[in-house]
Student: 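Have a look at this one.
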Amino acid sequence: MSRKFMILAAGLATIGAAPPAQTPATAPAPARAVVPAQLSVEVFAQLPQIEDPALSPDGTRLLARVARNGQMLLALIPLDGKTPPTYYNPGKSDLNWWRWVNDEWAVVGVGRERPVQGQNFYFRRAVSLNVKTAAMAMLADREAAQIADDVIWTARDGTPRLMLAYQGSIYSDSLDFWARVEEFDLATGKSKLVQGPREGVLDWYADRDGVVRMGIGSSLDGRSSRLLYRESADSQVRTVDRTRGADDRMTIPTMFLRDKTKALIIEDDAEGFSALYELDLTSFKRGKQLFATPGYDIGGIVADPTGDGFLGVMVEENRPMTKWIDPAMAALQTRLEARVKGAQVEIASMSRDQSAAVVRFSSPDSPGAWFLFKREGEELLPIANDNSEIGLRRLHPVRTIRYKARDGVEIAAVLTTPKGRSGALPLIVMPHGGPRARDSEVWDWWTQFLADRGYAVIQPNYRGSTGYGTKFMELGEGQWGRAMQDDLDDSVKALAELGIADPKRVCMVGASYGGYAALRAAQRDGDKYRCAISYAGVSDLNRMIRYQSNFLYSKARGDWLRRQASDLKDVSPVNFPASFGIPVLIMHGEEDRVVPIIQSRVMAQKLKSAGKDVTYIVQPLGDHHFSRQQDRLEFLKEMEAFLAKHNPA
């Protein structure tokens with residue numbers, strides 16, 4: 001008799017150290033130069049030279065994902081300018097995250113898919129790393145089931161201790177399916193139970209002192225949730241809030257404060273824009289507003305390393321930034337911005353005493369570079385260019401415009417235009433994925449490549465996008481392939497009226513939901529476009545519901561997807577191959593775990609059977625996120641050739 005199990009996310013090789021190589025910490029400072037008329041496709045296909053750098057608490061080492069031989073590896077980079085980095089190759093596993101525990105120990109989150117009882121499961125693990133000895137060990141590897149990488153607390157006294165929440169079973173009829181919390185001493189490998197599993201709870205949260213204060217529980221179908229809370233380690237866990245429908249919202253603390261009766265919470269204000277508030281934990285009533293940015297949502301907080309409060313708030317108006325509340329951090333931001341005029345300055349990571357920081361200087365038209373900043377002497381020491389060929393050179397200008405959709409809704413859109421060119425340009429409409437996401441003024445290798453080839457590129461934040469308040473996001477409900485699609489079409493009219501784009505020379509290009517929109521444009525609005533390109537696009541919404549049916553909370557996910565259109569079949573391009581009237585390029589990676597490749601395979605087969613002009617390319621090792629340089633390069637080359645044929649610049 002088979003047991004009931006649930007897949008939690010759509011197995012594991014031990015991470016081994018690769019031979020050391022030349023450290024990017026000694027890279028020369030990037031030099032400015034005249035941008036050539038056209039850069040090679042290989043330049044734009046480069047993987048980022050460094051991603052998500054995390055500075056050790058003592059400021060002497062850096063953990064980051066770096067590009068090496070066309071793939072991304074984890075690197076431990078000493079910052080003494082002498083010692084070369086050590087690279088860690090994850091093999092077939094994904095590198096999902098990494099963080100420091102103390103000066104000697106770090107923990108890394110990895111994941112890998114492996115078959116269980118005929119179905120693929122994605123297993124997540126936390127791996128301890130001793131940066132002095134290179135010793136590595138998976139935490140709770142034998143005891144853990146599918147999810148075992150949720151680090152909810154690290155010690156603040158310098159000892160290598162952390163708390164890990166993990167599952168003990170893949171079977172949903174077992175209590176061990178739900179998460180327990182154990183405290184691990186990384187130096188000894190020993191652990192002790194802190195919180196046993198409770199039915200429905202996969203997510204636990206601890207305060208700064210390591211007390212498990214909160215848990216979020218859900219039914220297996222995801223249609224109801226509850227918030228569990230306790231005041232102290234000696235208190236009983238109790239339910240303080242519930243949801244029973246799609247429109248219900250729970251009051252969930254964002255951060256516990258030193259005062260045990262206080263927390264921070266991010267909730268909508270009266271206008272429907274998220275803002276930061278105090279929360280009284282004795283009554284779970286919202287207190288005074290601490291921060292808001294009018295007309296936009298906030299993205300989160302930057303916590304004080306001591307755990308006592310927050311240093312700043314992450315916002316994304318036309319571009320992402322941190323608004324520092326801490327005076328010292330605000331002053332540092334101002335000084336750094338003065339060092340490179342016009343650059344976007346990101347303070348990505350800091351040492352414990354804030355004497356050193358990893359800083360990125362970039363702009364929407366330049367990939368930028370990473371530096372180590374030392375307060376003593378106000379030094380900026382180069383770490384790595386984001387793109388080794390472009391460096392700090394500025395390519396094609398980017399700005400935000402706003403236009404009115406046909407029903408009067410205002411749409412913000414990011415516009416990239418070829419440097420030095422004007423007039424009615426050939427246009428690429430590029431909707432973002434998600435669709436609950438947004439585009440902003442940041443470096444984008446797709447758009448800069450297309451602008452380099454002579455195209456204007458518009459990235460509309462169509463209704464349903466995030467960042468512009470709950471009301472704007474909810475305008476997308478029921479409008480997949482309809483009003484959301486109209487918003488994209490209306491961008492062409494707006495740019496034509498501004499004299500920027502030629503409305504007779506337009507193609508739509510997108511990935512994921514953006515790929516869906518491109519396919520929908522080819523099927524619904526072929527008279528408005530000359531071609532369409534879909535990378536990892538969804539073509540059949542009902543098939544997506546079936547794909548998710550074995551996943552945890554699938555009923556709630558299915559409910560949400562069904563609300564996106566009154567008839568999912570009617571807005572699924574796969575059902576209307578005969579309606580396609582323009583050439584289509586479809587590309588998809590075999591290793592995509594977000595949108596299964598069958599979404600593209602069936603769409604391409606139906607278009608070929610209908611005698612349509614379709615080019616279908618499979619990337620055998622490609623994933624959803626272009627993690628391999630070879631896949632980026634192939635995509636850009638195929639896109640360039642396809643556009644040159646069907647919508648030449």
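No hydrogens, no waters, no symmetry mates; every other heavy atom, side chains included, goes into these values. Every value quoted in this text rests on a predicted model; they were computed, and no experiment measured them.
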Student: Determine yes or no for a side-chain-to-main-chain donor-acceptor pair under 3.5 angstrom, with Arg393 supplying the side chain and Glu389 the backbone.
Tutor: yes
Student: May I ask you to decide if the ring planes of Phe44 and Phe449 are parallel, tilted or perpendicular, using 30° and 60° as cut-offs?
Tutor: perpendicular
Student: Taking all non-hydrogen atoms of both residues into account, name the closest pair between Asn387 and Pro367 and its distance.
Tutor: CB-CG, 3.8 Å
Student: Might you work through the side-chain contact (heavy atoms from CB on, under 4.5 Å) test for Asp52 and Arg65, ending with a clear yes or no?
Tutor: CA-CA 7 Å; Asp52 300 326; Arg65 184 162 44 204; 3.9 Å; yes
Student: Is there a side-chain contact between Leu495 and Tyr403, using heavy atoms and a 4.5 Å cut-off?
Tutor: no
Student: Any chance you could lay out the side-chain contact (heavy atoms from CB on, under 4.5 Å) test for Arg68 and Asn89, step after step, and finish with the verdict?
Tutor: CA-CA 10 Å; Arg68 192 171 190 229; Asn89 189 339; over 6 Å; no
Student: Hey, does the side chain of Gln599 reach the backbone of Ser539 with a donor-acceptor pair shorter than 3.5 angstrom?
Tutor: yes
Student: Drop me the distance from Ile411's CD1 to Ser491's OG, to the nearest 0.5 angstrom.
Tutor: 9.5 Å
Student: Should we say atom CZ of Arg399 is surrounded by more than 12 heavy atoms from elsewhere, each under 6.0 Å from it?
Tutor: no
Student: For the pair Thr447 and Val398, evaluate side-chain contact (heavy atoms from CB on, under 4.5 Å) and give the outcome as yes or no after the intermediate values.
Tutor: CA-CA 10 Å; Thr447 60; Val398 179; 5.8 Å; no
Student: When you check the gap from the basic side-chain N to the acidic O, do Asp297 and Arg438 get nearer than 4.0 Å?
Tutor: no
Student: List the atom of Leu519, the atom of Val538, and the distance in Å for their closest heavy-atom pair.
Tutor: CD1-O, 3.9 Å
Student: What heavy-atom pair brings Thr417 and His396 nearest, and what distance separates the two atoms?
Tutor: O-CB, 3.4 Å
Student: Can a side-chain donor-acceptor contact be found between His432 and Tyr462 if the only test is distance below 3.5 angstrom?
Tutor: yes
Student: Quick check against the 3.5 Å criterion: does Asp502 have a side-chain atom that pairs as donor or acceptor with the backbone of Pro426?
Tutor: no
Student: Is it true that the side chains of Tyr122 and Asp94 contain a donor and an acceptor less than 3.5 Å apart?
Tutor: yes
Student: If you round to the nearest 0.5 Å, how far is OH of Tyr516 from CE of Met484?
Tutor: 8.0 Å
Student: If only atom types and distance count, is the side chain of Ser274 paired as donor or acceptor with the main-chain N or O of Ile298 below 3.5 Å?
Tutor: yes
Student: Restricting to non-hydrogen atoms, name the atom on Asn647 and the atom on Tyr455 that form the minimum distance, rounded to 0.1 Å.
Tutor: O-OH, 2.7 Å
Student: Is any side-chain heavy atom of Trp446 closer than 4.5 Å to a side-chain heavy atom of Val509?
Tutor: yes
Student: Around Glu267, counting heavy atoms of other residues, nucleotides and ligands shown, do more than 12 lie under 6.0 Å from its CD?
Tutor: yes
Student: Judged by modelled atom types alone, do Glu441 and Thr400 share a side-chain donor-acceptor pair under 3.5 Å?
Tutor: yes
Student: So that I can tick it off, tell me whether Asp489 and Arg524 are bridged by a salt bridge, with the cut-off set at under 4.0 angstrom between side-chain N and carboxylate O.
Tutor: yes
Student: Any side-chain heavy atom of Tyr296 within less than 4.5 Å of one from Val315?
Tutor: no
Student: For residues Asp452 and Val43, determine if any side-chain heavy atom of one lies less than 4.5 Å from a side-chain heavy atom of the other.
Tutor: no
Student: Do you know which two heavy atoms are closest between Pro596 and Met544, and how far apart they sit?
Tutor: CD-SD, 3.9 Å
Student: Apply the test side-chain contact (heavy atoms from CB on, under 4.5 Å) to residues Gln523 and Asn575: give CA-CA distance (whole Å), side-chain angles for both, the deciding distance (0.1 Å), then the verdict.
Tutor: CA-CA 10 Å; Gln523 175 250 314; Asn575 297 314; over 6 Å; no
Student: Identify the two heavy atoms, one from Met587 and one from Ser600, that lie closest to each other, and give their separation to 0.1 Å.
Tutor: O-OG, 4.3 Å
Student: Examine the side chains of Arg632 and Gln629 and answer whether a donor and an acceptor come within less than 3.5 Å of each other.
Tutor: no
Student: Donor-acceptor pair, distance only, cut-off 3.5 Å: does the side chain of Ser169 make one with the backbone of Tyr171?
Tutor: yes
Student: Got a donor-acceptor contact below 3.5 angstrom from the Gln167 side chain to the Ala148 backbone?
Tutor: no
Student: Do any N or O atoms from the side chain of Gln49 and from the backbone of Leu47 form a donor-acceptor pair under 3.5 angstrom?
Tutor: yes
Student: Does either side chain, that of His624 or that of Asp592, offer a donor lying less than 3.5 Å from an acceptor on the other one?
Tutor: yes
Student: Assess, by modelled atom type and distance only, whether the side chains of Tyr535 and Glu638 contain a donor and an acceptor separated by less than 3.5 Å.
Tutor: no
Student: Is Arg482 salt-bridged to Asp570, cutoff N-O under 4.0 Å?
Tutor: yes
Student: Would you call the rings of Tyr468 and Phe472 parallel, tilted or perpendicular, taking 30° and 60° as the class edges?
Tutor: perpendicular
Student: Identify whether the distance between the nearest side-chain nitrogen and carboxylate oxygen of Lys493 and Asp486 falls below 4.0 Å.
Tutor: no
Student: To the nearest 0.5 Å, tell me how far Leu607 CG sits from Asp613 CG.
Tutor: 9.5 Å
Student: Under a 3.5 Å distance rule, please check whether Lys612 uses its side chain to pair with a backbone N or O of Gly581 as donor and acceptor.
Tutor: no
Student: Would you check if the side chain of Asp149 reaches a backbone N or O of Gly109 as a donor-acceptor pair within less than 3.5 Å?
Tutor: no
Student: Roughly how far, to the nearest 0.5 Å, is the SG atom of Cys531 from the CG atom of Leu585?
Tutor: 9.0 Å
Student: Would you find a donor on one side and an acceptor on the other, under 3.5 Å apart, between the side chain of Asp623 and the backbone of Phe626?
Tutor: yes
Student: Do the side chains of Ile500 and Ile401 get nearer than 4.5 Å, heavy atoms only?
Tutor: no
Student: Taking the side chain as every heavy atom from C-beta outward, state whether Trp178 and Leu202 have any pair of such atoms under 4.5 Å apart.
Tutor: yes
Student: Under a 4.5 Å cut-off applied to non-hydrogen side-chain atoms, are Thr416 and Gln448 in contact?
Tutor: yes
Student: Just verifying a value: how many Å separate Met508 CE and Leu488 CG, rounded to the nearest 0.5 Å?
Tutor: 4.5 Å
Student: Are Arg436 and Glu477 close enough for a salt bridge, meaning some N to O gap below 4.0 Å?
Tutor: yes
Student: Quick one, Asp444 and Gln459 - any side-chain contact, counting heavy atoms below 4.5 Å?
Tutor: yes
Student: To the nearest 0.5 Å, what is the distance between OG on Ser362 and CD on Glu346?
Tutor: 7.0 Å
